[in-house]
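To keep things clear, I will list the structure first and then write my remarks on it.
All of these numbers come straight from a predicted model, not from anything done at the bench. Any value given below was found using the heavy atoms of this structure, including those in side chains, with hydrogens, waters and symmetry copies removed.
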Amino acid sequence: MMLDLRNAQHLSLTMQVELRLKHALIAAQMAPGERLNTRDIAEEMHVSITPVREAVLRLVAEGALCIAPAQAFTVPKITRSQFEEITLIRKELEGVALQRLIEHQPLGNMAQLAELSEMFNTARDKGDAHSALQAQREFRFTLYERAQLPLLLGMIEQLWIRVGPCFHFLRQMPGHITQNRHNYDALLEAIKNKDVAKAQHELILAIEHSNQLAMTHFFNAEAQS
């Protein structure tokens, strides 16, 4: 269920657990409504239950998890209207991060971004949803981190945490990832040319293409069940 973190040894155990849980939510490794037990998480991460409980309570305070009976917790469910609202906010915030990067910061290693983009394309075309979701997350957050706006980055992360579980269906039906035909070539070209409007347009297309999968295969399926 969990993602490995690099360079996390200097963090407290509580912070390490919190980051791993956040990454698992973003990467759709948990499903909406999924029940989590702190003892199971502790055993899986090979830590004591105390840092797990502290980390989970932090996530509850942030709205990333909900308290459930019998000392358990659940991944929140969100409605279609909430998903659409979050999407509107994401387009604005992620667009601001992209604008800041292009107008005020060094673009950095474009080869790294191109490599991540190609990893996404390859995984998607193979129907490897796990690798595609991971490559997409790394690509996008590499962009947003380079904007050097930590508060904005935190807000973007919170929104990804909320919607990430809605894509859990891709882990059960990974072939559906091939329906996302978007790639980041045009976005990368716009960034190189410092064309903010074009880059933001391509970013919005990327968000919309991904979200169409959730609308078709998650929310519509939920409505029919």
With a 4.0 Å cut-off on N to O distance, would you call E62 and K22 a salt bridge?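 Salt bridge between E62 and K22, a charged N being under 4.0 Å from a carboxylate O: yes.
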- prompt: Can K91 and E208 be counted as an ion pair, charged N to O under 4.0 angstrom?
  reply: yes
Atom CZ of R162 with >12 non-hydrogen neighbours under 6.0 angstrom: no
Task: Stepwise side chain to side chain donor-acceptor pair (under 3.5 Å) check, Q212 with H209 - done: CA-CA 5 Å; Q212 187 57 48; H209 288 173; over 6 Å; no
Q) Does the gap between the ring centers of F120 and F139 come in under 6.0 Å? A)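 For F120 and F139, the ring centres are not under 6.0 Å apart.
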If you measure from [atom1] on [X] to [atom2] on [Y], what distance do you get to the nearest 0.5 Å?
{"X": "Y144", "Y": "L153", "atom1": "OH", "atom2": "CG", "answer": "10.0 Å"}
{"X": "D195", "Y": "I102", "atom1": "CG", "atom2": "CD1", "answer": "7.5 Å"}
{"X": "K198", "Y": "I191", "atom1": "NZ", "atom2": "CD1", "answer": "12.0 Å"}

Hphob cluster co-occupancy, [X] + [Y], side-chain heavy atoms under 4.5 angstrom:
{"X": "M173", "Y": "M215", "value": "yes"}
{"X": "L213", "Y": "L205", "value": "no"}
{"X": "I78", "Y": "I67", "value": "yes"}

(Q) Please evaluate residues E34 and H168 with respect to the criterion side chain to side chain donor-acceptor pair (under 3.5 Å), reporting the C-alpha separation (whole Å), side-chain torsions for both, the decisive distance (0.1 Å), and the verdict. (A) CA-CA 11 Å; E34 181 174 338; H168 182 74; 5.0 Å; no
Review point. Is there a side chain to side chain contact (heavy atoms under 4.5 Å, CB included) between R58 and T14 once you walk through the steps?
Key: CA-CA 9 Å; R58 287 185 184 181; T14 298; 3.8 Å; yes
*Candidate pair Y184 and E202, rule side chain to side chain donor-acceptor pair (under 3.5 Å), full reasoning*: CA-CA 8 Å; Y184 291 109; E202 291 298 327; over 6 Å; no
On a heavy-atom basis, the closest approach of S131 and D128 is OG-OD2, 2.7 Å
Taking every heavy atom of L203 against every heavy atom of L187, the minimum-distance pair comes out as N-CD1, 4.5 Å
Should the ring pair F169 and H217 be called parallel, tilted or perpendicular, given that the plane angle runs from 0 to 90° and is split at 30 and 60?
tilted
**Prompt:** Under a 4.5 Å cut-off applied to non-hydrogen side-chain atoms, are E103 and K194 in contact?
**Reply:** no
Test log, rule side chain to side chain contact (heavy atoms under 4.5 Å, CB included), inputs L188 and S117
CA-CA 9 Å; L188 287 173; S117 173; 4.0 Å; yes
Task: Step-by-step side chain to side chain contact (heavy atoms under 4.5 Å, CB included) determination, N211 to F167 - done: CA-CA 9 Å; N211 286 2; F167 294 89; 3.6 Å; yes
